[in-house]
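Written out below as structure tokens is the structure these notes cover.
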Amino acid sequence: MVEFVLERAGYWAIIGLMMIGLFIAFSAENLIKRLVGLSIFQTTICLFYVSLGKVNGGTAPILLPADTPASYGAGHAAAPGADALVAAGGERFADLHHVYSNPLPHVLMLTAIVVGVATLSLGLALIVRIREAYGTIEADEVREIDMETALAQELEAAKDINEASA
Amino acid sequence: MRELFTTDAGPALINIALLAILFIVAIAIARLRSLFAIVMLSGVYSVVSAAWYIAVDAVDVGYTEAAVGAGMSTAVLLGAMLLTARTAKPDKPFKRLGPLLICGAVAVMLIYASVDLPGLGDPNSPANTGAGMTYVHVNWYDTGVPNVVTSVLASYRGFDTMGETVVVFVAGLAVAMLLGFGERSLAETLRNTKKRSGKGKEGDA
């Protein structure tokens, strides 16, 4: 039971951080604070995925010299060509001497981080435009101004109809 | 303390320290009102999570998070803050109740779901026995690049990376179109000069 809990304590901590980010994104009326909460949420989700790819006793997925066979040369000139594969009997599947963590979540989260900053800057540009149009970046004040404008437009439309019928 | 990621006590202690810093920073962001402090703390959050990425072996993600998350997005947030406002309005306590309940419910559901997940660092978990490990085995013979993450990103998933580049390009284009290429500031200058000249006329009259 203790083992079970300890194995998952990392997940629960990450879930806690995730929920703080989500809470900021939900509750803050200030739009910039909202986006900061969103980026915290996103960073923590990346952490969750990367920690799923962790292997106990593993190292970063950069092949150590023992796993880059000398018969294929060393260094940059080492890209094994067709000859090398023939020499190895066409065998493409290496037996590794070290344990490596799973590289696939790392690749996917790299993409997610870069796309995340792109969407963040797009959102911030929208906020700058909102500030220019409304003079505020608090969501409830923006809503209030919208409501006033809509009411004024409705009144004007009703007046127009009255004048037309009169 | 085998629990957090490795068999050694040292890394586990590092993880706990990083976690504590992350929690403090996140709660500070939730409570603070000064936007400058919030933006700076979001940069701190990114740096500390970059350190955590390195602790879970994701060195490439750690570099990217430090450069993009802590560097670039902090700069972008700072610029947006300077163009808009410096402080947030104080929160209304009753309005925070709904979000708090929702987040609590989501946390409970996620923790309930995490019971079915394999333990942290389990080498036999489905995530660690599939395609990712095949890349590690095949990589050197296919590409000759020792860094598996780089070769997967550029060689095996080149089209994926190209799509990502397109997304970043479109986002940059959209930001440029929203903020303008300088013509808006020109309009503002015109308006200001008009206002000034109008005032000048009033003053003359």
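Each chain gets a letter, A, B and so on, in the order its sequence line appears, and its residues count up from 1.
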Picking from B/T150, B/L153, B/T161, B/V61, what satisfies side-chain contact (heavy atoms from CB on, under 4.5 Å) with A/V107?
B/L153
Check whether any side-chain N or O of [X] sits under 3.5 Å from a backbone N or O of [Y] as a donor-acceptor pair, and report yes or no.
X	Y	result
B/N128	A/K54	yes
A/R8	B/P118	no
B/D60	A/H106	no
A/R131	B/A85	no
A/K33	B/A30	yes

Going through the distances and angles, do B/S125 and A/L52 end up as a side-chain contact (heavy atoms from CB on, under 4.5 Å)?
CA-CA 9 Å; B/S125 72; A/L52 276 181; over 6 Å; no
Would you mind telling me which of [options] has the largest number of heavy-atom pairs within less than 4.5 Å of chain A?
options	answer
B/L77, B/V170, B/V152, B/T165	B/L77
B/I111, B/N139, B/I38, B/V145	B/I111
B/L117, B/V59, B/L22, B/V68	B/L117
B/L110, B/V167, B/I54, B/L41	B/L110
B/A171, B/P99, B/P123, B/A176	B/P99
B/K89, B/R157, B/M133	B/K89

Region of [X] in contact with chain A, defined by heavy-atom distances below 4.5 Å:
X	result
B/T87	backbone
B/L32	backbone
B/D122	backbone
B/N124	neither
B/I29	both
B/V115	both

Which of the residues [options] is involved in the greatest number of heavy-atom pairs with chain B at under 4.5 angstrom?
options	result
A/V50, A/L31, A/L35, A/L108	A/V50
A/L47, A/L104, A/V36, A/L122	A/L47
A/L22, A/L120, A/T59	A/T59
A/C46, A/A112, A/G116, A/P105	A/C46
A/G123, A/P61, A/A118, A/A25	A/P61
A/I15, A/T119, A/V117, A/I127	A/I15

In Å and rounded to the nearest 0.5 Å, what is the [atom1] to [atom2] distance from [X] to [Y]?
X	Y	atom1	atom2	value
A/S51	B/N15	OG	CG	10.0 Å
B/L120	A/W12	CG	CH2	11.5 Å
A/I113	B/E65	CD1	CD	4.5 Å
A/M109	B/T64	CE	OG1	12.0 Å
A/L124	B/L83	CG	CG	10.0 Å

A/M19 versus B/C103, closest heavy-atom pair with distance
SD-O, 3.4 Å
Check A/S101 against B/D57 and note the closest heavy-atom contact, atom names and distance.
OG-OD2, 2.6 Å
If you define the side chain from C-beta out and look only at heavy atoms, does anything of [X] sit under 4.5 Å from [Y]?
X	Y	answer
B/V148	A/I62	no
B/L35	A/I137	yes
A/T43	B/Y53	yes

Mark yes when over 12 heavy atoms from residues, nucleotides or ligands other than B/F23 sit less than 6.0 Å from its CZ; otherwise mark no.
yes
Using a cut-off of 6.0 Å, state whether more than 12 heavy atoms not belonging to B/M40 lie near its atom CE.
yes
Quick one: what part of A/F48 sits under 4.5 Å from any heavy atom of chain B, side chain, backbone, both or neither?
side chain
Check against side-chain contact (heavy atoms from CB on, under 4.5 Å), A/T136 and B/T84:
CA-CA 8 Å; A/T136 175; B/T84 53; over 6 Å; no
side-chain contact (heavy atoms from CB on, under 4.5 Å) between A/F23 and B/I27, intermediate numbers included:
CA-CA 10 Å; A/F23 175 73; B/I27 289 171; over 6 Å; no
Step-by-step side chain to side chain donor-acceptor pair (under 3.5 Å) determination, B/Y45 to A/T44:
CA-CA 10 Å; B/Y45 190 92; A/T44 322; 3.0 Å; yes
